[in-house]
Amino acid sequence: MDTSMPSQALLISVAVDAPLMTPFTYGVPDKLRTSVTPGIRVLVPLGKRTVTGYVLRITASPPDGIRIVDILDVLDTSPLVPPEHLPFYQRMAAYYHHPLGETLATALPSGLNLSDRSMVVLTDKGQHAGPEHPFNCFLDKLARKPIPLQKLQGMEKKQVTQLLEEGLVAIERIFSPKKASPRTRKTYAVTDGMQPPLSTSPARLSLWEWLKENGPADTGRIQQVMPSPTASLRWLREKGLIAEGEVRIFRDPLGDTVEQDSPPRLNDEQKSAVQTILDHMNRGFHRFLLHGVTGSGKTEVYLHLVEACLERGKTAIVLVPEIALISQIAGRFRARFGEKVAVLHSGLSKGERLDQWEKILSGELPLVIGARSAIFAPVLKPGIIIVDEEHDPSYKQDTGLRYNGRDMSILRAQLENCTVVLGSATPSVQSFENARNGRFSLLKLTRRVNQRPLPEVSLVDLREMKQASGVERYISRPLYGAMKTALEKGEQVLLFLNRRGYAGFPVCGACGEIVRCRHCDISLTLHRKANAFLCHFCGFSMASGPLCPSCRAPEVRVLGMGTEKVEAAAHYLFPDARILRMDQDTTGKKGQLIRMLRQIRNREVDILVGTQMVAKGHDFPGITVVGILNADLGLSFPDFRAGERNFQTLAQVAGRAGRGELSGRVILQTYNPDHYSIRTACSQDSEAFFKEEITTRRMLGYPPFSRMIQIRISGEKEERVQETARMAAEAAKSASSGKVRILGPAEAPIARMAGQFRHQILLMGTDIACLNESAMAAVDIRVSGVRLLMDVDPYSML
DNA sequence: AGCACGCCGACT
DNA sequence: GTCGGCGTGCTC
């Protein structure tokens, strides 16, 4: 490496994959000149390290006072990020106050970036150190694999210093192994102008002749005509009669094939929605909110829009909140558009993701369906971006770069100058407000397809059920009756409860203490199968028993209920019914959820018991009765959006009823029959809910009448965290120009999580510049052992 | 992030 | 008196 003589002319601006808020300038040596282009990844020196960076542009002026070094290599043959998408990532990085390099690393298929680390390795001499060496144990460990220098602690660190002197170990910079790479397969073809000697074996000869006929072929194809061709192939190759080549093969994440279908007739509402959107499609950036009641055929509208878009030679992106929904929706799109559909979501292996990415990049797949990260799909010139179930909280990423896929869709559509459609049966308050103030055009689908009526909802006031005993306390008489009728007719029943596990929370009857997680400040949940109390946040578990961890009295009892208990109750009431429980505990493994969804659709299940995840847009035609066991659970979250989320969940669950030929019934059990989120959920009246909710939001100045940035402060030492939070709030205040409301610092609703104390500050304001200024000042506070992070537009206050 | 530099406590 | 702890700052 020649760093002493920076190259002459070509300078590039590079976003390095490191937490750096500004791009760095590097030189390009002559031999790499021709391969460097914006969007391509390069290997660059950064301090003592070597890391991956993304070329942003050719730059003329180097920053002064800095010694420019050369890039070491170019990692791709063509850009993985289309250069025209770089402005989008720049805007996104700025919006979320996130380093551009890391933003790009989040967007691209993971496992591609290279970086090196100092590792302790065994030298030749070290390999031959006898077992009598005092540090034999450590040497053995090293013989298995090198250890990162940073990971060493105490004892081992001392040993390394000594071993270095003895020359038994060395420190080397080693690249972490790549986790994803293109898959290739060897192919064989006859060499032009060569003839095999006639004297050779018939097997070799016939293989050569077959290859001559059938062109380049991979081993898979060759094996179909010749069972074990390896030896013959080697012989032919050694004689120069055939040549070996390589083809890229693509892993296909879309397992089974689907039958082609043809578009059904749209009803008038659907037709007019499609027409309105299409009229705008060639006229640049335009935002639509498609508000269609559950079962109104929004997907069919999307299909028509995409069809028109593809016909015009443009590409399209469809965002769906959950992986389980992707398989369902992708199926419908594939049935219509065949092989043009790409899928992108976290359920793919790294290799599959990379392959999909490159096929999209090449223009082979013009239609992308995926979870929030699919908004980064490298399609060129999208004509439309569709966000289905736009209200869904899972569009917000809650680790690392905390972006919102829906919001980024709008940003991308704006930069791509195209149409964006947000669709939902229960639009977010934010989107409704945008429709009201004219930023979005509102389109409505008010009727279910095929004249199916909306399900009839009856309320059961749980306060009147206090004297009921046994199962009747959570499956009320009216619900039981409805279930019985449905089951007798061979129809399916859905029981919804917002909490998994066996029951609510364990409480000590003697001291009244709730059994809480040792690491997080939340109550534990009894899981019957595991005989354990489990923490739903950090996964901590302890044996379940009556002994109170606080006062040692054997009086711990479990109050409330969870899906497991409901499952047991349903089994007790209907011993012959086939019951399926669907929650995070039963759908953990890959593919399990999809298998369950198939079981339900195939009528292999009579009663489905589930949490949130059953509420999400699934189409279960056999379900006629939906029981919502406790409609109030969602209201207890310490979050200004609790009401909104509660309404959406309830309305969505209710919407699962009566989607097939038969009409549906919903029985909603609640302690708060008068709460507006429950009242409006009963009539599935999103606009009525919005009207009530927006008044409160306006009064309190909450979003959408302001924006929020949350600062989270966490660390192991409580006083330090508390003190840092105070300082950060102070800094936020003095940088706010008096235009930002500062709430807190306060303990987070879960004050302790995974051994970390947590405090938070909420910044709220309408002056976005000041809000950003204030937040930046807050996270600028640096205290060792304490982490500060910024969550722009937070979704969960936990 | 990861690595180096630099300033204070418990040891040969 | 050093060794090594971690707190602080920089990386084109």
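Per chain, numbering begins at 1; letters A, B, ... match sequence-line order. The figures here come from the full heavy-atom set of this structure, side chains too, leaving out hydrogens, waters and symmetry mates.
- Distance CD1 (A:Ile171) to P (B:dG2): 16 Å, rounded to an integer number of Å.
- Protein atom CG of A:Leu149 is 15 Å distant from nucleotide atom C1' of B:dA1, rounded to whole Å.
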Original post:
Can you give one letter per nucleotide of nucleotides 4-12 of chain C, 5' to 3': B if a protein heavy atom sits under 4.0 Å from the base, S if only from the sugar-phosphate, - if neither?
Top reply: SS-S---BB
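- For the pair A:Arg402 (side chain) and A:Asp398 (backbone), a donor-acceptor distance under 3.5 Å is present.
- By the 4.5 Å heavy-atom criterion applied to side chains, A:Leu104 and A:Asp17 are not counted as neighbours.
- Counting to the nearest Å, the P atom of B:dG2 and the CG atom of A:Asn113 are 13 Å from each other.
- None of A:Gln356, A:Lys350, A:Glu352, A:Glu358 except one satisfies the side-chain contact (heavy atoms from CB on, under 4.5 Å) rule with A:Leu354; the exception is A:Glu358.
- For the pair A:Ser714 (side chain) and A:Phe757 (backbone), a donor-acceptor distance under 3.5 Å is absent.
- Rounding to whole angstrom units, CG of residue A:Asp17 and C1' of B:dG2 are separated by 13 Å.
- Across the protein-nucleic acid pair, A:Leu152 atom CG and B:dC3 atom C1' stand 14 Å apart, rounded to whole Å.
- Between A:Met542 and A:Pro549, the shortest heavy-atom contact is CE-CG, 3.9 Å.
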All N/O donor-acceptor pairs, side-chain side in residues 368-375 of chain A, below 3.5 Å, sequence neighbours left out:
| unit_1 | atom_1 | unit_2 | atom_2 | d |
| --- | --- | --- | --- | --- |
| A:Arg372 | NH1 | A:Ser394 | O | 2.6 |

Original post:
How does protein reach along nucleotides 7-12 of chain B, written 5' to 3' as B (base within reach of a heavy atom under 4.0 Å), S (only sugar-phosphate), or - (no contact)?
Top reply: ------
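- Following rounding to the nearest Å, A:Leu104 (CG) and B:dA1 (C1') show an atom-to-atom distance of 17 Å.
- Counting only heavy atoms from C-beta outward, the side chains of A:Glu156 and A:Lys141 approach each other to under 4.5 Å.
- Among the protein residues, A:Ser118 comes within range of the sugar-phosphate backbone only, with heavy atoms under 4.0 Å from sugar or phosphate atoms but none that close to a base.
- Residue-environment remark: NZ (A:Lys396) exceeds the threshold of 12 foreign heavy atoms within 6.0 Å.
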